[in-house]
Amino acid sequence: MSDTKPTVGWIGAGRMGFQLAKRLLDAGYDVAVYNRTKAKAEPLTESGATLVDRPVDLATRDVVFSMVSADKDLQEVMLGEGGLLTDADAAPRLIGDASTVSVAASEVVRAAADERGIGFLATPVSGNPAVIAAGKLTVAASGPRESFDVAEPLLQTWGRGVTYVGEGELARIVKIAHNVFLGVVIQSLSEVTVLAEGAGVRRADFLSFLNDSVMGSVFTQYKTPALVHLDFTPTFTPVLLQKDFDLGLKAAAQSGVVMPVASVTRNLVAQEVGNGNTELDFASLVLTVARGSGLDIQPEDADVTDGLEAE
């Protein structure tokens, strides 16, 4: 790499990937983008991005990031036909993958990168497009320390915090544990919110009290408008949450960790998916809790905030 900013490749311009690529563009990086549906990435050209037809077309970039949906997608864009690592004569110096995937899938790509002398970092994130817009996204990273030192300035453009957690796939475990907690918290938050409403307390009032208490958090504040207004525009769906529960419980079984609360919550989320709740935000679990409690909850007309003032 030169002393100037490295050139960047980006694979995967979904809701999250699009916004993270734009953060790099806004920070002045030269970014080329591949997305399976090219039209979804085209708005990034307005910020200076160039588009390519295949992941392998990014092989001459200094650093390439990817953010895809599942294990098979990661292996496809890296090792499948036209994959990033399929050009015998060209390869990036560094790959960072921000997907939420299994340790096993990541290890396959890491081994292929190691064989080529390419630094490989797992760089999963905590947040969603609104969190990115507010500058509050956080990143966990693992892999070779020297690779992290190179990538850190780029990762810092994504939000407010980057934590190096060690070698290998440790960042995968950090992200999977994070998302298991996410699911347990939304289920518990739904239950106590319905408990308060069942006794006659407005959801807005209960959540205002909770958010001001020691039990309040950035997450409870952020989900308050969804729970009050019953607006379940998706940021993260039950389908994705079930996938992450499964990854977490598999990792727990492999390491001998017992997770009884996570196991029960996973089954509740799987039931949601089985009943057809696949497109709404996962905060819609509150509707199922309410129905199971014999309550027909309605949107409340209350002025509440998600707490995501831009930084």
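Please read these numbers as outputs of a predicted model, since none were measured by experiment.
Salt bridge D57/R54: present, at least one basic N to carboxylate O contact under 4.0 Å. Under 4.0 Å is where a charged nitrogen must lie from a carboxylate oxygen, and between D26 and K22 at least one such pair does. At a threshold of 4.0 Å, the pair K5-D30 does not count as salt-bridged, since none of the basic side-chain nitrogens sits closer than that to a carboxylate oxygen.
Residues meeting the ring-ring contact (aromatic ring centres under 6.0 Å, His included) test with F206, sequence neighbours left out: none. Residues satisfying the salt bridge (charged side-chain N to carboxylate O under 4.0 Å, His left out) criterion with K223, sequence neighbours excluded, are D281. Partners of D71 according to the salt bridge (charged side-chain N to carboxylate O under 4.0 Å, His left out) rule, which considers only residues two or more places apart in sequence or in another chain, do not exist here. Residues satisfying the ring-ring contact (aromatic ring centres under 6.0 Å, His included) test with F120, not counting sequence neighbours, are none. Applying the salt bridge (charged side-chain N to carboxylate O under 4.0 Å, His left out) rule to K40 yields no partners; only residues at least two apart in sequence or on another chain are considered.
Atoms CG and CG, from L210 and D205 in turn, are 12.5 Å apart once rounded to the nearest 0.5 Å. Distance check, rounded to the nearest 0.5 Å: CG of L85 to CD of Q75 gives 11.5 Å.
Linking ILVMFWY side-chain heavy atoms closer than 4.5 Å, directly or via other members, places F148 and V125 in a single hydrophobic cluster. When the side chains of ILVMFWY residues are joined at heavy-atom separations under 4.5 Å, either directly or via intervening members, L249 and I173 end up in two distinct hydrophobic clusters. L154 and L94 fall within the same hydrophobic cluster, where Ile, Leu, Val, Met, Phe, Trp and Tyr residues are linked whenever their side-chain heavy atoms come under 4.5 Å apart, directly or through other members. Both V180 and L240 are members of a single hydrophobic cluster when ILVMFWY side chains are connected at heavy-atom separations under 4.5 Å. Side-chain heavy atoms closer than 4.5 Å link hydrophobic residues (I, L, V, M, F, W, Y) into clusters, and following such links, even through other members, never connects V286 to L268.
Residues near L195 contribute nothing to a hydrophobic cluster around it, because no ILVMFWY side-chain heavy atom sits closer than 4.5 Å to its side chain. Apart from F209 itself, the hydrophobic cluster it occupies contains nothing, where clustering links Ile, Leu, Val, Met, Phe, Trp and Tyr at side-chain heavy-atom distances under 4.5 Å. As a member of the Ile/Leu/Val/Met/Phe/Trp/Tyr network built from side-chain separations under 4.5 Å, V239 groups with V273.
For residues 245-291, the ring-ring contact (aromatic ring centres under 6.0 Å, His included) pairs, not counting sequence neighbours, are F236-F282. Here side chain to side chain donor-acceptor pair (under 3.5 Å) pairs that include residues 6-18, with residues two or more places apart or in two chains, are T7-D62. Residue pairs meeting the ring-ring contact (aromatic ring centres under 6.0 Å, His included) criterion with at least one partner in residues 17-61, sequence neighbours excluded, are absent. The list of side chain to side chain donor-acceptor pair (under 3.5 Å) pairs with a residue in residues 103-116, not counting sequence neighbours, reads S106-E169, S106-R172, R110-E169.
The main-chain N or O of V289 is found under 3.5 Å from a side-chain atom of S293 such that the two form a donor-acceptor pair. Remark: side-chain polar atoms of T45 are not paired, donor with acceptor, to backbone N or O of G48 under 3.5 angstrom.
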